[in-house]
Chemist: 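The structure follows.
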Amino acid sequence: MMTDIHTFKPLPPSFYTQPVRELARNLLGHILVHETDEGVTAGIIVETECYLGMDDQAAHSFKGRRMKRTEIMYDSPGHVYIYQMHTHNLVNVVAGEEGIAHAVLIRAVEPLVGINLMQKRRPVDKITNLTSGPGKLTRALGITKEAYGSTFFNPPLYIAKGEDVKDISVGKRIGIDNSGEAKDYPYRFWETDNPFVSR
DNA sequence: GTCGAGATTGACT
DNA sequence: GTCAATCTCGACT
């Protein structure tokens with residue numbers, strides 16, 4: 001099977017040093033993998049948003065603001081930033097060199113491996129509703145705050161090399177209406193016409 | 001100690 | 001369209 005776990009190769013730390021907007025764009029097509037006792041689940045990243053540290057009113061790190069939960073954003077690129085939003089966990093990739101608190105939010109993935117396990121964790125009628133949102137995908141993949149502060153270079157939670165995405169759309173981010181002019185920044189990237197993109 | 005807000009989702013009017 | 005679930009943490013009394 002092409003989807004065998006041994007075919008997954010984590011992207012190297014150097015991948016995460018590219019400028020945050022390019023990173024957000026280039027993460028599309030790669031594979032988010034989570035290995036647990038229950039089994040392996042993985043999905044192709046089809047939607048991301050980037051948050052630009054100090055200068056982005058929508059970012060948790062706006063104006064260099066530091067909080068307990070955002071400390072990891074100031075660490076080196078490739079770290080895992082998990083944030084709890086109401087009843088859901090959201091996964092971010094820390095970007096920007098150490099001290100620069102940029103991040104990329106993974107908003108949606110396309111189920112690839114362990115679909116049965118995902119459905120067990122998150123029963124849905126339509127497969128397109130399984131991982132088509134930032135809170136949905138963490139639930140389906142079993143990602144919790146335990147992964148906070150680890151890196152995407154190694155199991156159990158890592159990003160593996162996927163395939164290039166040809167047709168990419170760019171637009172405004174979602175769910176940040178309280179962020180002044182930052183709400184209109186074109187920092188959201190998705191694979192055009194992919195049915196697993198949120199909303 | 002208390003209050004409120006938030007990068008979401010699903011159920012309901 | 002509206003609204004509550006549920007939890008972390010900063011701001012304030």
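In what follows, every chain begins at residue 1, and chains take the letters A, B, ... in the order their sequences are listed.
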Chemist: Over 60° means perpendicular and under 30° means parallel, so classify the ring planes of A:H60 and A:Y81, tilted if in between.
Modeler: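 Geometry flag for A:H60 against A:Y81: perpendicular rings.
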Chemist: Write out all pairs satisfying salt bridge (Lys or Arg N to Asp or Glu O under 4.0 Å) with one or both partners inside residues 69-96 of chain A, taking only residues at least two apart or from two chains.
Modeler: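 Found A:R66-A:E71.
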Chemist: Which residue pairs pass the ring pair (Phe, Tyr, Trp, His ring centres under 6.0 Å) test with at least one member in residues 86-123 of chain A, sequence neighbours excluded?
Modeler: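 Sorted pair list comes back empty.
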Chemist: Name the nucleic acid region contacted by A:R173, choosing base, sugar-phosphate or nothing; use a 4.0 angstrom heavy-atom cut-off, strictly under.
Modeler: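 The answer is nothing, as A:R173 stays clear of every strand by at least 4.0 Å.
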Chemist: Give a yes/no on whether any side-chain N or O of A:H86 is located under 4.0 angstrom from OP1 or OP2 of C:dC7.
Modeler: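 Looking at the OP1 and OP2 atoms of C:dC7, neither is under 4.0 Å from any side-chain N or O of A:H86.
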Chemist: Any pair with a residue in residues 169-182 of chain A that passes side-chain hydrogen bond (donor to acceptor under 3.5 Å, both in side chains), sequence neighbours left out, goes on the list, sorted by first then second residue, please.
Modeler: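 Those involving residues 169-182 of chain A are A:D56-A:R173, A:S169-A:T192, A:K172-A:D184, A:E181-A:Y185.
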Chemist: Please list, in numerical order, the residues of residues 176-199 of chain A that have a heavy atom closer than 4.0 Å to any atom of DNA chain C.
Modeler: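 Contacting residues: none.
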Chemist: Can you check whether A:Y83 stacks with the B:dA7 base, using ring centres under 5.5 Å and planes within 30°?
Modeler: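 A stacking contact does not exist, since A:Y83 is not both close and nearly parallel to the base ring of B:dA7.
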Chemist: Can you list the residues that meet the ring-ring contact (aromatic ring centres under 6.0 Å, His included) rule with A:F15, with sequence neighbours excluded?
Modeler: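 With neighbours one apart ignored, the set is A:H30.
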Chemist: Do any pairs count as a salt bridge (Lys or Arg N to Asp or Glu O under 4.0 Å) and have a residue in residues 79-97 of chain A, sequence neighbours left out, and if so which ones?
Modeler: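 Passing the test, one end in residues 79-97 of chain A: no pairs.
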Chemist: Please, what dot-bracket string fits DNA chain C when only Watson-Crick and G-U pairs with both distances under 3.5 Å count, crossing ones use [ ] and pairs to another strand use |?
Modeler: |||||.||||||.
Chemist: Could you note down all residue pairs passing salt bridge (Lys or Arg N to Asp or Glu O under 4.0 Å) where residues 124-150 of chain A supplies at least one of them, sequence neighbours left out?
Modeler: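 Qualifying pairs: none.
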Chemist: Has A:M67 got more than 12 heavy atoms of other residues, nucleotides or ligands less than 6.0 Å from its CE?
Modeler: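 Counting neighbours around CE of A:M67, more than 12 heavy atoms of other residues, nucleotides or ligands fall under 6.0 Å, so yes.
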Chemist: Please name all residues satisfying side-chain contact (heavy atoms from CB on, under 4.5 Å) with A:Q119, sequence neighbours left out, ordered by chain then number.
Modeler: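 A:I115, A:N116, A:I127, A:L130.
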Chemist: Return the residues of residues 88-104 of chain A meeting this criterion: a heavy atom under 4.0 Å from some atom of DNA chain B. Order them by number, or give none.
Modeler: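 The stretch gives A:H88, A:L90, A:N92 as the residues lying under 4.0 Å from the strand, ordered by number.
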Chemist: Please list, for nucleotides 10-13 of chain C, all pairs of protein and nucleotide N/O atoms separated by less than 3.5 Å.
Modeler:
| from | atom 1 | to | atom 2 | distance (Å) |
| --- | --- | --- | --- | --- |
| C:dG10 | OP1 | A:K68 | N | 3.2 |
| C:dG10 | O3' | A:R65 | NH2 | 3.2 |
| C:dA11 | OP1 | A:R65 | NH2 | 3.4 |

Chemist: By the salt bridge (Lys or Arg N to Asp or Glu O under 4.0 Å) test, which pairs, at least two apart or in different chains, include something from residues 109-120 of chain A?
Modeler: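 Listed by first then second residue: A:E38-A:K120.
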